[in-house]
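Taking it in order: structure first as structure tokens, then the write-up.
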Amino acid sequence: MCGLCGVLLNEHWAEEGGGRRARGFRVVLVNRVLDHYGLSLSDWAGSVYTLRDRKGSSAVVTDVGTLWAEAEKLAGRPLDPLDPGLLSALG
Amino acid sequence: MAKTPVTLVTGFLGSGKTTLISRLLAHPDMGETAVIVNELGEIGIDHHLLRRVDERTVLLDSGCVCCTLRGDLADELRDLDSRRTRGEIPDFRRVVVETTGLADPAPIVYTLAAEPVVRHHFELEGIVATVDAQGGLVEDESLKQVAVADVLVLTKVDVAAADGLESRLRALNPGAEIFETAFGEIEPGLLFDRPGKDPRDVAVPEVQEHVHDSGIRAFSLLFDEQLDWTAFGIWLTMLLQARGSDLLRVKGLLNVGGEGPLLLNGVQHVVHPPEHLDAWPDDDRRSRIVFIGRDLDPEAVERSLLAFNAASH
């Protein structure tokens with residue numbers, strides 16, 4: 001997803017509905033994926049998210065649409081949901 | 001105020017777009033239509049709402065190729081709307097945008113969905129792709145245009161039989177309606193204002209094994225278990241980042257636990273806001289998702305979505 005999608009669209013399609021509870025659950029689930037790449041995500045006041053690696057670098061992302069491009073930059077490699085290694089880590 | 005519907009007419013070079021549009025504009029039902037084309041001269045008729053644009057794209061800094069804003073189109077649509085409001089041009093109730101034969105439809109879809117002023121006043125009603133029954137599907141661009149279309153118009157059927165081509169088109173895009181024309185003759189009602197079209201009609205490809213030379217294929221996945229919407233959103237956004245340029249179209253009905261299904265519809269990186277429908281089309285409550293993509297392994301996609309969904313429990 002390109003960087004501006006989340007800014008141009010009022011609410012990202014993947015974050016429609018559910019309120020704060022869904023937002024909290026989203027952070028938990030995303031962290032299960034990001035952990036495989038040495039990254040983590042935290043909610044920042046219910047408005048944006050902060051993405052961090054284990055060396056102290058961080059980035060602010062507006063929604064789950066812009067998250068993955070930033071995560072790839074921080075991880076320094078592509079993040080592929082079809083990667084069998086990731087899927088076994090999730091299981 | 002209701003948004004003005006926009007129909008995109010795409011199709012490869014020489015596939016009959018201009019003939020189709022010229023004939024449509026001559027139809028009495030098409031009077032209140034604004035038309036945006038690339039070449040004014042080729043349409044060959046006077047039309048008071050005919051506009052021309054250059055293919056000027058604005059590549060966003062952090063963006064991918066398909067997430068480009070068509071600045072020319074955005075300017076033209078904004079101008080049409082403000083001049084209509086000021087009474088400088090006649091009112092119009094629909095816009096037809098003709099692309100060049102080599103144009104990628106994705107940036108136009110993105111512009112309509114994302115440009116702040118445009119998305120407030122206009123909405124994409126559908127994508128029509130013309131396919132030359134004689135020339136067939138020759139280039140990668142024409143395959144992509146077919147893959148993202150809602151309606152396929154087979155042109156020049158007076159000179160070539162379309163039998164074999166039609167089955168190839170169905171394999172590439174099983175959800176699209178297919179009409180045949182000769183000399184661009186077609187009823188506007190087949191392409192515009194299509195109230196009879198049920199949004200729940202998510203066609204499952206009959207031929208799942210067909211692999212086109214280009215690697216583009218349509219396949220559908222069915223899921224017995226209820227899908228967690230949060231997990232699905234995480235999964236699809238990640239897939240679009242990783243494989244977005246190869247995932248040409250995704251459409252589906254998802255069972256996320258509500259009374260009716262959630263309608264999902266995306267063209268490359270642009271996913272329309274999901275719509276909660278009141279009821280399922282039949283007794284089958286399984287989620288069904290049709291993917292049209294290049295070099296995507298259906299089993300790998302299924303395994304991945306199931307793993308993300310299981311992680312939500």
Side-chain angles (χ1 to χ4, degrees), chain A residues 1-37 39 41 49 59 61-73 75 77-91, chain B residues 58-69 110-111 113-116 118-120 228-244 256 258 262 264-266 268-276 296-297 299-313:
Chain A
M1 193 71 62
C2 86
L4 277 181
C5 293
V7 179
L8 293 170
L9 300 169
N10 292 337
E11 189 175 33
H12 191 272
W13 63 265
E15 299 199 1
E16 282 202 350
R20 295 187 67 83
R21 196 169 160 192
R23 192 174 172 87
F25 183 48
R26 185 174 303 113
V27 172
V28 171
L29 272 183
V30 166
N31 275 325
R32 290 201 59 189
V33 177
L34 290 178
D35 186 59
H36 183 65
Y37 304 97
L39 304 173
L41 187 76
Y49 304 97
V61 292
T62 54
D63 53 56
V64 74
T66 55
L67 163 69
W68 302 110
E70 287 299 326
E72 284 194 348
K73 281 187 209 162
R77 59 177 167 136
L79 274 58
D80 187 353
L82 307 186
D83 170 16
L86 167 67
L87 301 186
S88 9
L90 284 179
Chain B
V58 181
L59 183 61
L60 303 175
D61 287 344
S62 54
C64 53
V65 176
C66 81
C67 284
T68 48
L69 270 180
Y110 180 72
T111 301
E115 208 279 339
V118 170
R119 66 190 284 260
H120 191 66
D228 180 273
W229 172 242
T230 302
F232 185 86
I234 291 168
W235 175 77
L236 186 58
T237 51
M238 191 178 181
L239 184 68
L240 289 172
Q241 170 65 28
R243 308 284 179 107
V256 292
L262 197 69
L264 177 80
N265 192 0
Q268 288 209 268
H269 285 186
V270 184
V271 177
H272 297 285
E275 197 181 333
H276 286 273
L296 278 178
D297 173 11
E299 285 177 16
V301 173
E302 181 178 24
R303 205 161 38 237
S304 172
L305 175 51
L306 285 173
F308 274 67
N309 196 54
S312 71
H313 300 321

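All chains are named by letter (A, B, ...) in the order of the sequence lines, taking the proteins before the strands, and each is independently numbered beginning at 1.
- The environment of A:Arg77 atom CZ is dense: over 12 non-hydrogen atoms of other residues, nucleotides or ligands sit within 6.0 angstrom.
- The closest side-chain heavy-atom distance from A:Leu87 to B:Leu306 is not below 4.5 Å.
- Across all non-hydrogen atoms, the minimal contact from A:Arg32 to B:Ala311 is NH1-O, 3.2 Å.
- To the nearest 0.5 Å, the span separating CD on B:Glu299 from CG on A:Leu82 amounts to 12.5 Å.
- With a 4.5 angstrom heavy-atom cutoff, A:Glu72 touches chain B only via side-chain atoms.
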Practice task
Test A:Trp68 against B:Leu239 for side chain to side chain contact (heavy atoms under 4.5 Å, CB included), laying out the working first.
Solution key: CA-CA 9 Å; A:Trp68 302 110; B:Leu239 184 68; over 6 Å; no
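- With contacts defined as side-chain heavy-atom distances shorter than 4.5 Å, the pair B:Val270/A:Trp13 does not qualify.
- Neither the backbone nor the side chain of B:Ala310 comes within contact range of chain A, judged by heavy atoms closer than 4.5 Å.
- Heavy-atom distances place no part of B:His276 under 4.5 Å from chain A, backbone and side chain included.
- Using a 4.5 Å heavy-atom cutoff, the side chains of A:Leu79 and B:Met238 are in contact.
- Considering CG of A:Leu86 and CZ of B:Phe308, their distance stands at 5.0 Å, rounded to 0.5 Å.
- Heavy atoms of B:Asp228 lying under 4.5 Å from chain A belong exclusively to its side chain.
- Between chain A and the options B:Leu305, B:Leu264, B:Leu236, the largest number of non-hydrogen pairs under 4.5 Å is found for B:Leu236.
- Of the listed residues A:Val33, A:Leu67, A:Val28, the one with more heavy-atom pairs under 4.5 angstrom with chain B than any other is A:Val33.
- A distance of 9.5 Å separates CG of A:Asn31 from CD1 of B:Ile234, quoted to the nearest 0.5 Å.
- A donor-acceptor distance shorter than 3.5 angstrom exists from the side chain of B:Ser304 to the backbone of A:Pro81, with no hydrogens or angles considered.
- The two atoms that bring A:Ala14 and B:Gly233 nearest to each other are CB-CA, 3.8 Å, heavy atoms only.
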